[in-house]
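What you see below is based on every heavy atom in this structure, not just the backbone, and it leaves out hydrogens, waters and symmetry mates. Naming: A, B, ... by sequence-line order, numbering from 1 per chain.
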Amino acid sequence: MAKPTVIEAKWQKKWKAAKVFKSKDSGRNKYYVLEMFPYPSGYGLHMGHARNYSIGDSIARFKRLQGFNVMYPIGWDSFGLPAENAAIEKGIHPEKNIARNIKVMKEQMNKLGLSYDWDREITTHNPEYYKWDQWLFLQLYKNNLAYRTKVNGNWCPSCNTTIANEDVKNGRCWRCNSQIVQKEIEQWLVRTTNYADELLSGLEKTNWSNQLKSLQTNWIGKSKGVEIHFKLEDGEYLKVFTTRPDTLPGCTFVILAPENPQAMELVKGTKYEKQLQEYIRETEKLSELDRISKEKTGIFLGKYVINPINNQKIPVYAANFVLVGYGTGAIMSVPAHDKRDEEFAKLHKLPIKQIEIKESDFEKITNELIKNGLGKRVINYKIRDWNISRQRYWGSPIPIIYCAKCGVVPVPEKDLPVKLPLNVNFKTKVISPLATNKKFLNVKCPKCGGKAKRETDTMTTFIDSAWYFLRYCDPKNRKQIFDKKKAAYWMPVDQYIGGIEHAVGHLLYSRFITKFLKKKGYVKIDEPFTKLLNQGMINLGGTKMSKSKGNVIDPTEITKKYGADTLRTYLLFVAQPDTDMEWSEKDLTGIIKFIAKVKTLDKLKENKKYKSYIDSVAQRKIELVTLHLENLHHNKALIELFDFSNKLERYPSKYAICIFLHLLYPFAPHICEEVWNKLNGKMLAKGKWPVKNQKLINEKVEKEVEAVDKVVSDIRHIEKIMNKSAKKAYLYVIPPELNNYNVVIKDIEKELAMEIKVFALNDKAKYDPENKSGKAKPNRPAIYLE
RNA sequence: GCGGGAGUGGCGGAGCGGUCAAACGUGCUUGGCUAAGGACCAAGUGGCUUAGUGCCUUCGAAGGUUCGAAUCCUUCCUCCCGCACCA
């Protein structure tokens with residue numbers, strides 16, 4: 001008997017030769033299914049990849065059989081820190097390391113039987129690809145959506161670069177978990193904030209989960225409120241943002257962020273100036289994390305403002321818990337109503353004024369402030385512009401040149417790509433590595449021809465992944481980022497699959513870029529991913545399977561031992577794709593047995609008598625498996641297929657076996673092909689997804705057969721309890737079911753070799769009143785044996 | 001604090017108003033039989049029982065709606081995840 005690896009390799013070869021996974025850029029019923037492309041930074045695929053791709057491949061195969069023109073591409077997110085770090089660790093150039101990893105991963109993918117269209121493969125560190133990163137950057141720049149400015153960047157001391165706000169989790173770097181420090185530095189930013197409202201409202205058009213939508217909604221952080229102007233003694237105003245203008249009567253002091261420039265202005269030339277300078281120095285020493293955990297400190301600034309609602313004179317403070325970057329960097333404090341304000345008031349012995357708030361106060365006070373010119377309605381967002389500059393080597397160079405005469409000069413589009421030089425000292429930690437290559441660094445100004453220097457920062461890898469799904473539509477285009485027609489045909493991605501960890505990073509950037517490209521007329525859609533599945537994690541021994549924890553199981557090993565079909569089916573059966581799963585050898589056993597059974601299906605002989613029964617069951621399975629697959633409930637589809645397989649074994653029919661193989665094909669394609677091919681020499685990959693045939697549904701026969709099964713099993717049970725074999729059985733059935741039993745009685749008699757008599761339950765004549773078993777359930781008769 | 005999600009046998013997990021709680025898979029028990037890719041087949045696996053299919057209990061807890069609730073509503077408890085001095 002051929003080993004699974006042999007059979008699987010055979011079919012992988014045949015599929016390749018038959019070109020069954022190629023997609024055309026035209027035709028009716030397109031379907032675009034995509035998994036988040038991998039970083040080839042590590043060596044080989046891990047189990048999470050295998051799960052992710054098993055989901056995607058099953059959908060691709062399912063949709064192909066349904067007659068869709070399916071695009072199922074794959075590529076490599078090959079730029080970025082992990083690749084660079086891995087290369088440094090191994091002491092080889094990232095390019096070499098990446099090439100080796102890609103080779104390994106590709107082979108593993110093929111062995112899993114993933115039905116990618118390899119003609120569309122993309123690799124982001126290829127100049128043919130990153131040229132268009134740079135082009136995209138220039139378009140953003142031209143449209144004033146990319147700008148350079150001095151920022152207080154999130155500096156990761158271990159990664160040796162700034163990172164985006166989206167990459168900071170709990171004050172730590174999402175990749176290496178180091179504490180982030182603030183560093184003042186000139187950076188290139190992208191104005192994601194310009195699209196805040198669209199990014200928010202666009203969510204409604206998607207089919208995403210509530211969880212994911214809420215993650216992005218929180219991140220964008222829209223809040224409606226009022227900017228209130230508090231009059232200073234010198235006639236100037238202090239502006240604060242609040243979402244609760246209705247609490248204004250309870251406001252007893254105002255606080256500025258210490259770094260707010262207005263604070264310094266207020267104390268200039270007074271005895272408080274030194275104190276503030278001292279205080280700023282102190283707070284700056286603390287990391288963001290410490291600043292949150294430490295108690296609320298603050299100082300009086302020696303000034304007072306007027307509360308516009310009651311003309312009370314109230315003091316102005318600077319305090320560490322007020323953020324300079326949000327709202328106006330200043331707040332009105334209502335200690336009676338806000339926990340933080342209360343804490344601060346108690347610490348600094350400030351008055352707490354109790355107030356009563358009516359529902360109508362919000363509008364009343366807001367309108368009054370506006371009328372008196374002391375306020376305006378304002379909408380604030382938490383989202384910040386996207387910092388795309390990285391002081392690292394392995395990324396797409398930012399196509400900008402700095403000229404002493406002309407200033408910031410964008411590289412002309414005709415000069416793209418700005419190639420990433422291979423010869424640099426990428427291990428330097430002092431300057432951006434690109435600055436170590438003088439040939440790259442020193443350049444003529446495209447405008448005046450004078451001496452100039454290139455930008456030496458590279459772009460974040462999230463730029464590459466913010467539009468790669470568009471490049472798949474036209475991966476080899478050398479003249480444009482992609483052909484508009486092709487993109488119009490394929491986009492949006494119908495089903496996207498990937499981890500939830502990209503909720504506020506990659507998924508947000510992709511939406512932003514898509515919206516920008518729509519405005520510029522390159523795409524017709526404004527949401528790139530219609531449906532999105534966030535696959536769950538794989539745990540082993542209760543914790544996440546991960547290299548760093550040393551509890552990994554290698555998918556390739558499992559594939560070698562039991563076959564790709566077994567692994568794929570297992571991964572899809574154990575849990576619903578969007579929930580976490582626990583790796584268990586025991587459950588794997590069940591799948592091994594199941595696949596072994598499937599392999600022998602061609603040897604089953606048709607049982608003519610039960611053909612109408614099993615063919616009817618097949619119709620129900622078609623309906624259920626299709627439904628579950630559409631809903632991405634792969635586990636439920638497999639449950640139905642297991643049940644189908646059990647029934648098929650008892651009552652085989654060629655037709656039902658055919659249906660079964662088609663339905664199982666998206667999960668275990670190789671074994672299904674093998675059996676199908678033995679039965680009729682055809683290729684399942686070219687087959688058609690079965691459609692329910694109502695005519696073959698025979699409810700009566702189904703009920704009869706199931707009734708026989710139950711009666712036979714019940715009688716056997718009773719015999720066992722009695723420890724004897726009976727000769728006669730009396731069945732008491734409730735009247736509506738009577739007919740079913742009468743029809744099948746001969747079968748039961750034959751099976752059990754005993755005489756069976758059936759009565760309606762109300763047939764008192766034969767009913768033994770001493771007998772306790774007088775009650776029959778609707779689908780199960782009361783039984784009396786002799 | 002805000003937001004999202006989940007609580008069902010030894011375990012993973014179905015069921016999401018009635019026909020049916022525990023499908024399907026594991027695990028375990030018993031009896032056959034001898035291996036298709038970590039064998040296969042049959043029966044059992046909440047409790048009680050005078051072991052003739054009868055009775056009782058149970059879907060995190062308590063209430064409620066209903067003729068009828070694991071399923072709908074309310075409150076509470078527990079757990080997981082995300083965001084967070086965002087004013």
Worksheet item: Hey, does A/Glu585 reach any base, or is it just sugar-phosphate, or nothing, if we go heavy atoms under 4.0 Å?
Response: base
Discussion item. On the nucleotide B/G13, are OP1 or OP2 found under 4.0 Å from the side-chain N or O atoms that A/Lys636 carries?
Written reply: no
Practice prompt. Could you give the distance separating B/G9 and B/U26 at their C1' atoms, to the nearest angstrom?
Written response: 13 Å
Fill in: Nearest listed nucleotide, side chain of A/Lys597, among B/A87, B/C24, B/C41
B/C41
Fill in: Among B/A87, B/U26, B/G25, the one nearest A/Phe642 by side-chain distance
B/G25
Response to the item:
Of the candidates B/A14, B/G37, B/G5, the side chain of A/Thr566 sits closest to B/G37
Worksheet item: Is the gap between the ring centers of A/Phe594 and A/Phe573 under 6.0 Å?
Response: no
Worksheet entry | Distance between C1' atoms of B/G7 and B/U71 (Å, rounded) | 14 Å
Discussion item. Distance check needed: B/C40 P versus A/Phe594 CZ, whole Å only.
Written reply: 13 Å
Item to complete: Measure from the side chain of A/Ile592, starting at C-beta and using heavy atoms only, and say which of B/G13, B/G37, B/C83 lies closest.
Response: B/G37
Worksheet item: Can you check the A/Ile220 CD1 to B/C2 C1' distance for me, whole Å?
Response: 16 Å
Discussion item. For B/G25 and A/Asn635 - does any side-chain N or O of the residue sit under 4.0 Å from the phosphate oxygens OP1/OP2?
Written reply: no
Fill in: Under-4.0 Å side-chain N/O to phosphate OP1/OP2 contact, A/Ser223 with B/A87
yes
Worksheet item: Between atom CH2 in A/Trp583 and atom C1' in B/U26, what is the gap in whole Å?
Response: 15 Å
Discussion item. What's A/Ile671 touching, base or sugar-phosphate or nothing? Going by heavy atoms closer than 4.0 Å.
Written reply: base
Worksheet entry | By side-chain hydrogen bond (donor to acceptor under 3.5 Å, both in side chains) - contacts of A/Thr566 (at least two apart) | none
Worksheet entry | Nearest-angstrom distance, P atom, B/U45 to B/A21 | 15 Å
Item to complete: Would you classify A/Lys586 as touching base, sugar-phosphate or nothing, given that sugar-phosphate means primed atoms plus P, OP1 and OP2, and contacts are heavy atoms under 4.0 Å?
Response: sugar-phosphate
Worksheet item: Is the closest side-chain donor-acceptor distance between A/Ser54 and A/Tyr570 under 3.5 Å?
Response: no
Worksheet item: If you look at every strand shown and take non-hydrogen atoms under 4.0 Å, does A/Leu215 touch a base, only sugar-phosphate, or nothing?
Response: sugar-phosphate
Discussion item. Measuring only the P atom in each nucleotide, how far is B/U58 from B/A22? A whole number of Å is fine.
Written reply: 16 Å
Discussion item. Need to verify one output field. Residue with the more 5' nearest nucleotide on RNA chain B, A/Asn210 or A/Trp219?
Written reply: A/Asn210
Fill in: Pairwise C1' distance, B/C59 and B/U8 [rounded to whole Å]
4 Å
Worksheet item: Expressed as a whole number of Å, how far does the P atom of B/C55 sit from that of B/G64?
Response: 27 Å
Fill in: Side-chain N or O of A/Gln216 closer than 4.0 Å to phosphate OP1/OP2 of B/C83
no
Item to complete: When you get a sec, tell me which of B/G4, B/G12, B/G1 is the closest nucleotide to the side chain of A/Lys339?
Response: B/G1
Fill in: salt_bridge(A/Glu673, A/Lys10) N-O dist < 4.0 Å
no
Worksheet item: Nearest-Å distance, NE2 (A/His502) to P (B/G82)?
Response: 15 Å
Worksheet item: Which nucleotide in the set B/C24, B/C83, B/G27 lies at the smallest distance from any side-chain heavy atom of A/Asn646?
Response: B/C24
Practice prompt. In whole angstrom, give the distance that lies between atom CG of A/Leu588 and atom C1' of B/G25.
Written response: 12 Å
Practice prompt. Search all heavy atoms of A/Leu248 against all heavy atoms of A/Asn307 and return the closest pair with its distance.
Written response: O-ND2, 3.1 Å
Item to complete: Classify the glycosidic conformation of B/G27 as syn or anti, calling it syn when the angle lies within 90° of 0.
Response: anti
Discussion item. What is the distance, to the nearest angstrom, from the CD atom on A/Gln211 to the C1' atom on B/G82?
Written reply: 7 Å
Worksheet item: Ignoring hydrogens and angles, are the base of B/G37 and the side chain of A/Lys599 linked by a donor-acceptor pair under 3.5 Å?
Response: yes
Worksheet item: What nucleotide among B/U26, B/C24, B/C85 has an atom nearest to a side-chain atom of A/Phe321?
Response: B/C85
Worksheet entry | Interatomic distance, A/Phe644 CZ vs B/C24 C1' [rounded to whole Å] | 15 Å
